[in-house]
**Student:** 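Here it is, the structure in full.
Values below: every heavy atom of this structure, side chains too, minus hydrogens, waters and symmetry copies. We count ligands from 1, going down the list as the structure has it; atoms in each ligand are counted the same way.
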Amino acid sequence: MGQILKASPEAIRLAAERLKAGGLVAFPTETVYGLGANAFNEEAVARIFAVKQRPLFDPLIVHLASQQDLPVVAEEIPEVVGRLTAIFWPGPLTLLLRKKSSLPDIVTAGLPTVAVRLPRNEVALALIKECGFPLAAPSANSFGRPSPTSPQHVLEDLGEEIDLILDGGETAVGVESTVLDLTCQPPVILRPGGVSREALEEVLGTVRLVSEEDLPRSPGQLRRHYAPRAEVLLYQGKTREAVIAAMQSKLRELRQGGHRVGLLVGEGDLARFSEEGMVVESLGNSLDEAARRLFSALRALEKQGVEFILALAPPRQGIGLAVFDRLLRAAGSKLIEVKDGT
Ligand code: TXA
Ligand code: MG
């Protein structure tokens with residue numbers, strides 16, 4: 001139990017054996033680590049929910065190794081799927097389609113739709129191929145924790161409970177896949193992720209972003225999905241200067257109150273926060289880097305026992321939208337809007 005194995009061909013064969021026997025295996029994808037089970041083995045899928053302490057109303061994503069296998073889990077596949085998969089598969093785009101009735105209901109939490117994706121990761125693809133069945137896999141974290149971007153994160157959360165962790169190093173994208181609902185017109189992004197809204201709109205025309213009102217359509221998108229042990233304060237404003245000034249003053253106030261404070265900002269802004277005694281995690285120099293580092297930075301700040309995390313909202317463009325979304329959820333959907341000059 002809790003064994004981490006470098007993802008060699010033998011390790012992948014062993015992992016497939018465990019999965020064939022109804023076991024649970026954590027494996028790398030290009031986004032985050034997934035906790036996989038045979039999608040057609042109800043008992044194994046039920047264990048995923050138990051191990052993660054995930055509510056049964058929150059459906060899982062089904063992972064394929066080949067687009068040809070789509071009809072195994074989905075039906076009434078619309079024409080647009082071919083255009084999307086030609087561009088974005090393998091990759092961080094999850095498509096919501098009509099579910100095949102032979103797929104156990106527990107996978108989709110009883111919904112008539114199934115979320116499907118083809119990951120862009122050699123280990124994941126080799127594993128699914130070796131299994132010969134699709135893998136139902138949520139992110140391999142305990143419910144309410146940041147998604148795991150390294151095998152160590154999986155070990156921290158679920159180590160004792162699962163059969164094996166395949167080590168494929170740190171994940172390339174760092175935030176989860178974009179979940180796109182194709183059962184409505186225009187299509188709706190239920191969760192922003194590794195494929196940007198702009199890229200989807202180039203193919204599809206207008207794409208809507210899920211709003212608070214239709215949240216129940218995306219059972220996993222709880223307002224406070226990731227509840228860190230620290231309180232996250234997320235800042236946004238018209239000018240960077242004003243936002244940084246507001247953050248600096250909050251930082252002073254908290255430090256004077258004797259609080260341990262963590263900071264999550266881009267590399268370029270680090271020098272602006274030179275106060276001693278706070279814990280800093282850099283989100284790097286680009287939105288791609290911010291996506292890659294976000295979850296492990298949150299875990300690192302928690303480990304250092306901070307009570308507050310001050311973060312600067314990234315621009316909501318490209319993958320920045322996904323980073324913003326995760327930060328906003330970490331902040332319990334509260335955004336601190338800084339007015340100019342105050
Ligand atoms: O990048 C990813 O998507 C990762 C890797 C492992 O593939 N997986 C992942 O799974 O993030 P999970 O379970 O943590 O998030 C799946 C999201 C949830 O928000 C869930 O509610 C939504 O997809 N989802 C799955 N099936 C759905 C369905 N039939 N209808 C609406 N939302 C669905
Ligand atoms: Mg998750």
Side-chain angles (χ1 to χ4, degrees), residues 24-37 39 45 48-49 51-65 73-74 88-100 103-121 123-125 127-128 134-149 153-154 157-158 165-166 168 171-184 187-195 210 214-223 225-227 291 295 319 322 325-326 329-330:
L24 303 186
V25 171
F27 63 96
T29 79
E30 78 281 32
T31 56
V32 302
Y33 275 72
L35 178 62
V45 174
I48 288 183
F49 285 93
V51 160
K52 273 189 63 113
Q53 296 178 305
R54 177 179 175 119
L56 282 161
F57 62 73
D58 190 1
L60 307 180
I61 295 176
V62 174
H63 296 67
L64 306 177
V73 296
F88 300 110
W89 278 12
L93 177 64
T94 295
L95 300 175
L96 222 69
L97 300 166
R98 302 289 305 177
K99 166 189 178 294
K100 189 97 172 196
L103 185 71
D105 285 331
I106 187 169
V107 174
T108 62
L111 294 173
T113 50
V114 59
V116 194
R117 87 180 196 93
L118 189 82
R120 192 176 63 225
N121 178 289
V123 176
L125 293 172
L127 177 66
I128 303 165
L135 292 180
S139 49
N141 52 289
S142 308
F143 189 70
R145 302 275 303 134
S147 289
T149 55
H153 297 161
V154 181
D157 279 16
L158 308 174
I165 301 167
L166 277 181
T171 58
V173 177
V175 291
E176 304 91 334
S177 62
T178 302
V179 180
L180 182 68
D181 187 350
L182 291 174
T183 65
C184 48
V188 176
I189 294 175
L190 296 180
R191 177 179 71 183
V195 168
V210 75
D214 33 39
L215 267 188
R217 283 177 50 196
S218 182
Q221 296 302 82
L222 307 176
R223 291 188 76 181
H225 185 87
Y226 157 57
F295 289 135
I319 203 165
D325 172 81
R326 305 308 185 269
R329 280 170 214 293

**Student:** Is H63 near ligand 1, meaning one of its heavy atoms is under 4.0 Å from it?
**Tutor:**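 Yes; H63 lies near enough to ligand 1 that a heavy-atom distance drops under 4.0 Å.
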**Student:** For G34, take its heavy atoms, then give the atoms of ligand 1 lying under 4.0 Å from any of them.
**Tutor:** 6 (C)
**Student:** Tell me, which pairs form a side chain to side chain donor-acceptor pair (under 3.5 Å) where one or both residues lie in residues 25-36, sequence neighbours left out?
**Tutor:**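 Only T29-T31, T29-R117, E30-R117, T31-R117 qualify under side chain to side chain donor-acceptor pair (under 3.5 Å).
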**Student:** Give the minimum heavy-atom separation between N141 and P146, together with the two atoms involved.
**Tutor:**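 Smallest heavy-atom distance, with atoms named: CB-O, 3.4 Å.
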**Student:** Using a strict 4.0 Å cut-off to heavy atoms of P138, name the atoms of ligand 1 that fall inside it.
**Tutor:** 10 (O), 12 (P), 13 (O)
**Student:** At under 4.0 Å between heavy atoms, which part of T108 makes contact with ligand 1: side chain, backbone, both or neither?
**Tutor:**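 For T108, there is no contact with ligand 1 at all, from either part.
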**Student:** Please work out whether any backbone atom (N, CA, C, O) or any side-chain heavy atom from C-beta onward of R54 is under 4.0 Å from ligand 1, and answer side chain, backbone, both or neither.
**Tutor:**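 For R54, only side-chain atoms sit under 4.0 Å from ligand 1.
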**Student:** Which of the atoms of ligand 1 are close to L111, meaning less than 4.0 Å from one of its heavy atoms?
**Tutor:** 28 (C), 29 (N), 30 (N)
**Student:** Atom CG of D105 and atom CG of L103: how far apart are they, to the nearest 0.5 Å?
**Tutor:** 8.0 Å
**Student:** Looking at S142, is its backbone amide N or carbonyl O close enough to the side chain of D157 to form a donor-acceptor pair, meaning the two atoms are under 3.5 Å apart?
**Tutor:**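 Yes; judged by distance alone, with no hydrogens or angles, the pair exists.
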**Student:** What about T94: any of its N or O atoms under 3.5 Å from an N or O on ligand 1?
**Tutor:**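 In this structure, T94 places no N or O atom under 3.5 Å from an N or O of ligand 1.
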**Student:** Test your reading of the structure: does S177 have an N or O sitting under 3.5 Å from an N or O of ligand 1?
**Tutor:** yes
**Student:** Could you tell me whether ligand 1 has any atom less than 4.0 Å away from a heavy atom of K99?
**Tutor:** no
**Student:** Just to verify, which of V107, V116, L64 counts as forming a side chain to side chain contact (heavy atoms under 4.5 Å, CB included) with P134?
**Tutor:**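 Passing option: L64.
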**Student:** I'd like to check which ligand 1 atoms, numbered from 1 as shown, lie under 4.0 Å from a non-hydrogen atom of I61.
**Tutor:**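 Near I61, meaning under 4.0 Å from one of its heavy atoms, ligand 1 has 3 (O), 8 (N), 9 (C), 10 (O), 16 (C).
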**Student:** Okay, side chain of K52, backbone of L158: is any donor-acceptor separation there less than 3.5 Å?
**Tutor:** no
**Student:** Distance under 4.0 Å to a non-hydrogen atom of A115: what atoms of ligand 1 satisfy this?
**Tutor:**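 Under 4.0 Å from A115, ligand 1 has these atoms: 25 (C), 26 (N), 27 (C).
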**Student:** Counting from 1, what ligand 1 atoms have a heavy atom of L60 closer than 4.0 Å?
**Tutor:**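 Answer, ordered by atom number: 25 (C), 26 (N).
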**Student:** P28 and A124: which non-hydrogen atoms are nearest, and at how many Å?
**Tutor:** O-CB, 3.3 Å
**Student:** Any nitrogen or oxygen of T31, side chain or backbone, less than 3.5 Å from one on ligand 1?
**Tutor:** yes
**Student:** Of the non-hydrogen atoms in A136 and V45, which two are nearest, and what is the gap between them?
**Tutor:**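 Reported closest heavy-atom pair: CB-CG2, 4.3 Å.
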**Student:** For atom 18 (C) of ligand 1, which of L190, D58, V173 has the closest heavy atom?
**Tutor:** D58
**Student:** Does S139 put an N, O or S atom under 2.8 Å from the Mg ion (ligand 2)?
**Tutor:** yes
**Student:** I need the minimum non-hydrogen distance between T94 and S177, along with the two atoms involved.
**Tutor:** OG1-OG, 2.7 Å
**Student:** How would you list, by chain and number, every residue that makes a side-chain contact (heavy atoms from CB on, under 4.5 Å) with P90, sequence neighbours excluded?
**Tutor:**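 P90 satisfies side-chain contact (heavy atoms from CB on, under 4.5 Å) with L118, R120 only.
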